[in-house]
Amino acid sequence: MGAVPEPHAGWTFLTNHARVLAAIADDPSVRIRDIAAHCRLTERAVQRIIADLEEAGYLSHTRRGRSNTYRIEPSNPLRHPAEAGLTVATLLAMLAQHDQQRGQQPQHL
């Protein structure tokens with residue numbers, strides 16, 4: 001997962017659901033504890049978000065011993081009408097591209 005980001009106060013552009021989904025996309029076998037630390041959420045909040053995503057059909061999991069392996073449904077459409085026609089795969093691709101570019105640019109941008 002990498003370094004835990006600094007805490008942030010105020011509003012943000014991405015929802016916690018998007019942050020959790022992106023963390024799972026980075027590592028499908030990531031632990032809830034690690035998602036919580038990375039996203040600056042409680043473990044209970046991450047559990048609720050995962051339950052929301054599973055209930056809506058965006059995510060499923062397979063139990064492997066004492067851990068889970070998650071599977072994202074990339075073809076599912078985003079929920080907001082303003083993003084009509086965009087899929088989860090599109091969102092995750094944009095976030096991955098941003099992460100890749102961020103690693104190549106000065107951090108002050």
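Here the structure is a predicted model, which means the values were calculated and not measured. The chain is numbered in sequence order, starting from 1.
Considering only residues two or more places apart in sequence or on other chains, Ser75 meets the side-chain contact (heavy atoms from CB on, under 4.5 Å) condition with none of them. Every residue two or more places apart in sequence or in another chain that forms a side-chain hydrogen bond (donor to acceptor under 3.5 Å, both in side chains) with Arg64 is listed here: Thr69. For the side-chain hydrogen bond (donor to acceptor under 3.5 Å, both in side chains) test, no residue two or more places apart in sequence or in another chain qualifies with Thr42. Contacts of Arg66 classified as salt bridge (charged side-chain N to carboxylate O under 4.0 Å, His left out), with partners at least two apart in sequence or in another chain: none.
A side chain to side chain contact (heavy atoms under 4.5 Å, CB included) with Leu95 holds for exactly one of Leu21, Asp26, Leu14; it is Leu14.
Residues Val20 and Ile35 share a closest heavy-atom pair of CG2-CG2, 3.9 Å. Shown here for Leu41 and Ile49, the closest heavy-atom pair between the two residues is CD1-CD1, 4.0 Å. Residues Tyr70 and Leu59 share a closest heavy-atom pair of CB-CD1, 3.9 Å.
Within the structure, the salt bridge (Lys or Arg N to Asp or Glu O under 4.0 Å) test picks out the following pairs touching residues 43-58 (sequence neighbours left out): Arg33-Glu43. For the salt bridge (Lys or Arg N to Asp or Glu O under 4.0 Å) condition, the pairs that include at least one residue of residues 71-91, sequence neighbours left out, are Arg71-Glu73.
Between His61 atom NE2 and Ser67 atom OG the span is 10.5 Å, to the nearest 0.5 Å. For the atom pair NE2 (His38) and CZ (Arg19), the distance works out to 8.5 Å, reported to the nearest 0.5 Å.
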Quiz prompt | Worked check of side chain to side chain contact (heavy atoms under 4.5 Å, CB included) between Ile24 and Ile50 | solution = CA-CA 10 Å; Ile24 290 171; Ile50 287 173; 4.2 Å; yes
Quiz item: Step by step, would you call Thr87 with Leu78 a side chain to side chain contact (heavy atoms under 4.5 Å, CB included)?
Solution: CA-CA 5 Å; Thr87 64; Leu78 299 182; over 6 Å; no
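Between Ile72 and Tyr58 there is no side-chain heavy-atom pair separated by less than 4.5 Å.
Between the side chain of Asn76 and the backbone N or O of Gly57 there is at least one donor-acceptor pair closer than 3.5 Å.
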